[in-house]
Amino acid sequence: MASLSLINICKSFGDKKVLKDLSFSIDHAEFVSIVGPSGSGKSTLFHLIGGLLQPDNGEIRMESSLINGKRGAISYMPQSSSLLPWRTILENVMLGEELLGKKDEQGALEMIAKAGLSGYEHAYPDQLSGGMKQRAAFIRSMLSPQSLICLDEPFSALDEFTRLEMQQWLLSIWEEHKRSILFVTHNIEEALYLSDRIIVLSSRPAQVKAVFTIPFARPRRESIVLTEDFLRWKKKIYNELRGMI
Amino acid sequence: MASLSLINICKSFGDKKVLKDLSFSIDHAEFVSIVGPSGSGKSTLFHLIGGLLQPDNGEIRMESSLINGKRGAISYMPQSSSLLPWRTILENVMLGEELLGKKDEQGALEMIAKAGLSGYEHAYPDQLSGGMKQRAAFIRSMLSPQSLICLDEPFSALDEFTRLEMQQWLLSIWEEHKRSILFVTHNIEEALYLSDRIIVLSSRPAQVKAVFTIPFARPRRESIVLTEDFLRWKKKIYNELRGMI
Amino acid sequence: MTAFRKGWRPVSAIILLFLLWEAASLLFEVPSWLLPSPSQIWQEGIAGWPDYRYHLWSTIRLTIVGFSIGTIIGIAVAICLHLLPKLRDTLYPLMILSQNVPIIVLAPLLVIWFGFGVLPKLIVITLVCFFPIAVAAMDGFKQTDADLMHYMKMAGATKGQIFRKLEWPFALPALFSGLKISATYSVMGAVISEWLGAKQGIGVYMTLASSSFRTDRVFVAIFLIMALCLIFFAFIILLERWTVRWKTKGAKNNG
Amino acid sequence: MTAFRKGWRPVSAIILLFLLWEAASLLFEVPSWLLPSPSQIWQEGIAGWPDYRYHLWSTIRLTIVGFSIGTIIGIAVAICLHLLPKLRDTLYPLMILSQNVPIIVLAPLLVIWFGFGVLPKLIVITLVCFFPIAVAAMDGFKQTDADLMHYMKMAGATKGQIFRKLEWPFALPALFSGLKISATYSVMGAVISEWLGAKQGIGVYMTLASSSFRTDRVFVAIFLIMALCLIFFAFIILLERWTVRWKTKGAKNNG
Amino acid sequence: SSENNASQQEDPQALQNVSLVLDWTPNTNHTGLYAAQDQGFFEEEGLNVEIIMPGEAGADQLVASGKADFGVSAQETLTEARVQDIPIVSIAAIIQHNTSGFASPVNKGITSPKDFEGKTYGGWGAPVEKAVISSLMKQENANAETVDIINMGDTDFFTAVERDIDFAWIYYGWTGVEAELRGEELNMLYLTDYSEKLDYYTPVLTASENTIKNDPKTVKAFVSAVSKGYQFAIDHPDEAADILIEAVPDLDAELVKASQEWLSPKYQDDASRWGEQKQETWENYAEWMYENELLDHELEADKAFTNQFLPNKED
Ligand SMILES: Nc1ncnc2c1ncn2[C@@H]1O[C@H](COP(=O)(O)OP(=O)(O)OP(=O)(O)O)[C@@H](O)[C@H]1O
Ligand SMILES: Nc1ncnc2c1ncn2[C@@H]1O[C@H](COP(=O)(O)OP(=O)(O)OP(=O)(O)O)[C@@H](O)[C@H]1O
Ligand SMILES: [Mg+2]
Ligand SMILES: [Mg+2]
């Protein structure tokens, strides 16, 4: 039984078809990345999984229960960081936990430190740089207790090194807690470095264009990106994507 | 005479020193990229050049006149796309022009089409995906008539192909109109592909850590990224940045 | 704000209220001079139409003119005070004070200065209307989104442009909030101003009815006032929908 | 909102106004029963203190109690109507109607129903206060940022959590806008309610002064009312600053 | 009043609480009421009276509905009220003759109703005003249509005549006396000088039909205390004025004293006892109103008032 499965999902806005017969699933503790052209419908997909939108057609199942339109089943990091402007960073990152009843300030403070935001615990979002806000939103989703985490371009505003740090940290959390992760990114290397599988979406209306199972062993080391194998994979996916645009 | 020069700029927020004795300049029709760790002060730098903030110390000169605190001298694309929610995309992209008195709807429509947003001219920002908003903000800055354009991570939310298209388009506009461009990015390849010079900032308080003059001939072809030379440069800058983190 | 589209709900609530009232009147035999039953009021409303229609027109005209002036002044004051912070510091407290001169006391002064014509009445309505509009608009201007403001400033927008292209549209929802409150008060303002000395108007009609113990006519007047108010309010809501339609159009998936 | 920090501006404007007034009184020899000069009012204000202090206290108590009740009801109504859209559709128009029952007409009914106690007075103040608060708060709730709303919903926040953690703080600035308007009206509401039949209060003091042609005392009453209003208003502004301080603290470079 | 306090403390239970609503703010029309309270006349009758200002509520409905036990009203309003089936009854006339009339500053040159022609009248917008003006003018063959009638709302007399108003309807005992104090000369045309029928009782004391039927003892006690109060005011105008001033310190003392001086002799005037009302007066005025189409139907004058609670003349 897969952790999450989408079966023949369709979604239109007005007369714009965005998703068309989209089906895939994620196993328990699997790390799946989604890549696809800008505007293809990745964020919309997350909104559907999160229950913000109802699919026009098709089923979204978590374990075996239908979660079409059901909210709160996933931990989510939106593409725009969406921090509450009247909360400090510390209060913001604990929001996800808070909604489900349990707060762990100690854990939150540790996470903030790991994300390189120490000293900003009590700052307001307005006082942070773009990348710092993104990291805060990332911590918030990591602290939420749900077993499936959906991350929408979590590291797009980070420099390569901070991004690498965050990736490694994400992997370590994931390996430790074994949660399922659905990850949207535009960075193919990032997808390759992190994922068990990569799903390539076509441009609008989005369909699953290809699925790649990434064979690199875990735990993965940073140096893996320099291997021949990695480059070969990168080209493969690159070509798959290029075919579409 | 340089198009823009910053001389010994200092800036703090409260007791947090963000920029410290920062100096550099851009020549006419030069393309300069700025890379640096997240939270180092790149956006703050743009706010200073744009006159939104006053430097605590130092001079910002455009041609030979002091523009400390003077607004409207540059065309700017903010890190958050900042589109006005009550304007359609077409109205939004013409905003920069409008502020200076001349509107060119035909040109705007062409730009929108080139950015792959045709069909969305009359949509509101809420109806666009993250990457599409970013492209709209990018067009807006391109349409503004000032001779210096400051772009703050303009392509961070785009997939690699759309990004490449945008980069090439940016280069073609730049080569045609010969405006000066100051470009913040976290993507070293992007910086290398586009720039005449790359300025590496240190982490907070930001100082100019290194300046690289990129020798690749213009016009540059996409294939350049696969050359040995390019990879060597990438490593060089990579190492420069890594030294800091 | 779907209140008026889904009109059947409030209408049925009102009808229910009337039925209860009628039943209570019958049941407890409330004397009609104390509280007439809806049916009595309705009868008087029909029968008295030729009597009060001139009053009604007069009040409607007064309200429209007064509300328009009040709105213009309210918006103008908000804009001036917003664009000239020093002026705001000086005048804002005075503006609050202006709201607290009890109209009943102001009346003699207004009469002394402006006589018994239409001018003092318009002043009263304006005084009642402009304040909620001005406060709401000023608060709206103040709350403009910081990111957007930064962009506009960096793009070299002048103060006027920032105002026209950013602050004004941003404050529209808040402004409408104030307009709604004012529209509600404007009819009452007109009625009160008619007590200042008028020959016709619902206020006059009501005073007469009240002084000759015609409680049924007093209630006719009350219902006329209410109906006028509702119409004004509905008009503002229509205007709001039409003006800030990007809100409903853009945020479709604001499920 | 820096109005009160930079207090010297309005104060000097007011002083200027008084000086002009005094000069005009002397110059045109306005009889004091028509329009007393500021110095005469001031003298009466000092001399009459033992007479009117009880009135003042009584009005202050009434205002505070009434405004508190009005605020609570206004907020409660806004919350209920916001969380229960069907109820809103039903009651919103009725709420508007409630604002248009002229108090002067309602007054006899209130007294007949509730006697001469404090209850009908509180009802009047509440009626005056709750509406601006309720409208402003409801509009505030409605305008919650769509992105934040999406996040909260996806994160599985219940309706109550969305309300408490998102809509409520988001609507606070709008709510304060309404509170300011209401605070301004509350004192007037108290004074009006005292005309309903009270034994003490500024309203009573003013009626008595006016009916014995003591224009100077009428003006003392007006200034007392104004002073009360300003104090209330200032209090709300302090509360606003303290409550939404993240706004001022977070947006430092909102130059 | 120290002895009152004593008696109150002795036996507070024995006192019956009753309430009295005035018709306006306290003024010299009400002196007897305050005197009765201050002199302990109410307590002697076993009453504890609370005097209430009516505010905007108006006394008549309050009395009729039983929210107040007694009220102050006037014949003209009471007539209209009764015609509208409002069950209140006049139980005593506070002033024997109508002291109201049309006043104007001397410089307006209004010395007879004829001079109203072409002038502006400031009133409160009741049909009765036009009727009264026309009937006075008719006697002098003047054209009432040329009078401009303006509703001046709450504006006071002195303010109004400064502006567009030429003459207005006032009670001499208050506004007229104030004019004297100010040294403003007024031309005063009393209604009583021009028409018998307009010599109605204003103000009067009222009670509801209910109270009269169910609790005549209280009414009797009340009226007899009030009667003593007015007798006191008649006999000791100065002291009575002081009592009013003490009870309502916010009133202007000078005005109260002067007004009291003027009004004290007018309470009883030519009547055999204070409070006496004549059927004829009630009938006359109601007839006049009916003739002028101010009433929907005729008044049953005998039910509108009663002298039965007035103390006997021997008392
Ligand atoms: N509220 C809406 N109303 C109408 N169309 C919408 C709305 N939201 C999204 N769309 C459309 O749906 C399509 C997919 O949007 P989505 O945000 O899912 O793209 P995306 O894959 O996340 O893109 P990006 O990588 O740029 O973030 C876009 O064409 C967009 O215009
Ligand atoms: N309004 C403010 N108040 C206080 N501190 C601020 C404010 N704005 C920015 N800062 C601080 O200044 C520093 C630099 O911020 P800036 O936005 O310039 O970074 P950046 O280089 O653009 O980062 P990124 O790549 O993440 O966008 C950060 O540490 C941030 O916390
Ligand atoms: Mg997206
Ligand atoms: Mg930045």
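A, B, ... follow the sequence lines: proteins, then strands. Residue 1 opens every chain.
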message: Let me confirm one number: the CE-SG distance from D:Met188 to D:Cys229, rounded to the nearest 0.5 Å.
response: 8.5 Å

- prompt: Can you tell me how far the CD atom of A:Gln207 sits from the OG atom of A:Ser23, to the nearest 0.5 Å?
  reply: 9.5 Å

field: Non-neighbouring partners of A:Glu91 that pass salt bridge (Lys or Arg N to Asp or Glu O under 4.0 Å), sequence neighbours left out
entry: none

Region of A:Leu95 in contact with chain D, defined by heavy-atom distances below 4.5 Å: side chain

message: Using a 4.5 angstrom heavy-atom cutoff, name the option from A:Leu83, A:Ile49, A:Leu99, A:Ile74 with the most pairs to chain D.
response: A:Leu99

query: Side chain, backbone, both or neither: which part of A:Gln146 has a heavy atom under 4.5 Å from chain D?
result: side chain

- request: Give me the ring orientation class for A:Phe183 and A:Phe31: parallel if the planes are under 30° apart, tilted from 30 to 60°, perpendicular past 60°.
  value: tilted

task: Give, as side chain, backbone, both or neither, the part of D:Leu166 having an atom under 4.5 angstrom from any heavy atom of chain A.
output: both

query: Under 4.0 Å between a Lys/Arg side-chain N and an Asp/Glu carboxylate O for D:Arg164 and A:Glu98?
result: no

field: Segment of A:Ser75 engaging chain D (4.5 angstrom heavy-atom cut-off)
entry: neither

